[in-house]
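Below is one structure; the comments refer to it alone.
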Amino acid sequence: MSDKVKVVIVDDHAIFRAGVRSELTDGVEVMGEASGVSDAVLLIERTRPEVVLLDVHMPDGGGVEVIRRVAAAGDPPRFLALSVSDDPEDVVSIIRAGARGYVTKTISGPDLIEAIGRVHQGDAVFSPQLAGFVLDAFAGATADEHEDDLDLLTPREQEVLRLIARGYMYKEIARRLGISIKTVEAHTSSTLRKLQLSTRHELARWATERNLLD
Amino acid sequence: MLAGVCSGLALRYGLDPTLVRVFTVVLTIITGGVAALGYGVLWAVLPAGDAAPGGRRWKPRQGSRARVRTGATPPRRDFRGSWAVGFGAGFITLGLMFTFRETGIWWSDAVVWPLVIAATGTALIWRQFSYSRRERAEAGERDSRLGPFRGGVGIALLLGGAILFLYINGVLSSGGKVALGGLTAVIVIGLVAAPLWVRSARELSAERAERIRSEERAEVAAHLHDSVLQTLALIQKNPEDTRRISTLARRQERELREWLSGKTEADRADSLAEAIKSVAAEIEERHQVAIDAVTVGDRALDEDGAALVAAGREALNNAARHAGHAGPVRIYAEINEDVAQVFVHDRGEGFDPDRVPEDRRGVRDSILGRMEAHGGKAEIRSIPGEGTEVELTMEKKR
């Protein structure tokens, strides 16, 4: 039992929580469910899960607020964002708050379990959609304009993201690029870190433009 | 404190209301009353709006169509300071008098005290009458009996000021100067009646806001009726056909997202990325196969772009027909000003390029032919057992 990943589900929709719970069978132990921000913070403190499945949109600040408050208490678990939203602004803001990945609620049970395992190991989880957003967010930056490494994706990181957006799995990407799966994971993790830490003004502008145009 | 103009401005620009107020008073004194005029103008012009930040509880996605305002909260007013406002108005008037006197615009010392008293009374009346009973109740006015009392004192002060003015000017004793007496009466009546007029205008504006809200609600309801409820009915009628249910659900999701995004048809017509998404939707509909579309960047849809979209449609059609059973088909497009690339990826059985089935070769030719005719490239990679990917590249002509 102890090798199962300890998970809590945070979502304000009871039907959805029940659905996810019924799908999480192999290798995952659901420690509890919470329906709101304050509930979630208490539940996480009490059950000390390893991975939190976190809804982006909830009353009182949503997933971003949960991450903020849990992180403030110290020693936070890892967060995987789960949302119906495909609004780039939502996605990027929850990743920047500290989530290790983002998947849509239509994800299949086995894929979700795999994503939980990946987040648990400290890797990033990129759906094709998220890879697309990140490429969009970092598009247009060139090496000579930006001195800060955080503001740029390396050509290899871009290549990995493109293959994810095209629908390839990590092992297929590894084979295509002639690298190991671990290296693929290293690229996605460093992309995630850049997305979280970059102060690139284009990133902010990109979100604003989206807000106006999309 | 007077009409909420300062606090409104403060809220709008994120400043401390007290700071704005002090600034306004100082400005009034410096400019000799011109700023006070500005205050009046702003009061009349600024909308009585959603005061509290966070009044929009539900943050919609972008676009005005989707913007459903949830209950515009009227600005909270504090009525406890009414006396202070009355005396404040008196002092401000006194200050103005001195300012005018200093600057030389002056006619007679006799008007000072009547005007100060009248201003105090007027301020009290305005505080009392220009807000509706509901607004006062919402502001938590505890003792409702105090209200009319304040108003009465206000009227008494205003009348007292007017009579004093007339007395000092010798109207009452001589019985003459009818014009001045009449003018004073008109001003007094105007000052008493104006707040009542303002109050009814306010109530009218609240009614209008309510009407706009209910129209918005009706629009949302009509849309949900035509879309989501219809889809749910269809799903209930076909409970066994899981493939159809899934297609219906995906189509509904797509439509709802489009509607929430607030983009118009015109926005979509001119966009290469949107054209690719709509082709994905069309093929998904036709074959009842899930197709996930991801696009990065965008540019205007030109003739080359249209050819790229048409070739992409063929590739999707092909993938959906031969590999739709094996998980979602994916289309990924990366677009910038110089080059547009489209990838169509399926997880079907794949095929050996040397032994291409007849029907596939046809499609392949049509894809290749179409791209080459517009100066583009097409490449098809297939690995037996893993799936097929079609890569389309269209470079901008120089």
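The figures that follow rest on heavy atoms only: side chains count, while hydrogens, waters and symmetry mates do not. First the proteins, then the strands, lettered A, B, ... as listed; each starts at 1. No experiment lies behind these values; they were computed from the predicted model shown.
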Check your understanding: So, do His345(B) and Tyr168(A) have ring centers that fall under 6.0 Å from each other?
Key -> yes
Check your understanding: Do we get Arg118(A) above Tyr170(A)'s six-membered ring, with its NZ or CZ under 6.0 Å from the centre and within 45° of the axis?
Key -> yes
Study note, to complete from the structure: Interface check, chain A: of Val294(B), Val329(B), Val344(B), most non-hydrogen pairs under 4.5 Å belong to Val294(B)
Review point. Residues two or more places apart in sequence or in another chain: which of them pass side chain to side chain donor-acceptor pair (under 3.5 Å) with Ser127(A)?
Key: none
Practice item. Go through Glu172(A), Gln129(A), Arg162(A) and name the one with the most non-hydrogen pairs under 4.5 angstrom from chain B. Key: Arg162(A)
Point to revise | Part of Arg250(B) lying under 4.5 Å from any heavy atom of chain A | key: neither
Practice item. Identify whether NZ of Lys or CZ of Arg in Arg166(A) sits under 6.0 Å from the centre of the six-membered ring of Tyr332(B) and within 45° of that ring's axis. Key: no
